[in-house]
Amino acid sequence: MLVGGFLTEYYRLVASWAEWAAGVVEGWPEDPRAAQAPPTELERIDRRAHWPERLGRE
């Protein structure tokens with residue numbers, strides 16, 4: 001049950017990320033080197049990267 005629950009959540013995480021990434025890539029220009037990351041997305045990623053600190057853990 002524990003492993004099944006973990007894997008189910010992990011698959012859901014990967015599917016959610018893939019959907020998000022596909023939406024990001026759709027907005028890219030023909031030459032991906034010219035793509036620019038929206039500041040709001042960079043801020044969102046940074047907030048998620050520091051979640052343990054918000055909980056008082058490191």
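Every value quoted in this text rests on a predicted model; they were computed, and no experiment measured them. What you see below is based on every heavy atom in this structure, not just the backbone, and it leaves out hydrogens, waters and symmetry mates.
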Nearest-0.5 Å distance, CZ of residue Arg47 to CG of residue Leu42: 11.0 Å

Trp17-Val14 co-clustered via ILVMFWY side chain contacts under 4.5 Å: no

CD1 on Ile45 to OG1 on Thr40, rounded to 0.5 Å: 9.5 Å

Same apolar cluster (I L V M F W Y, side chains within < 4.5 Å links), Tyr10/Val3: yes

Partner residues of Arg33 under the side chain to side chain donor-acceptor pair (under 3.5 Å) criterion, sequence neighbours left out: Asp31

Gly4 backbone acceptor or donor facing Thr8 side chain under 3.5 Å: yes

Pairing residues for Trp20 by the side chain to side chain donor-acceptor pair (under 3.5 Å) criterion, not counting sequence neighbours: Glu41

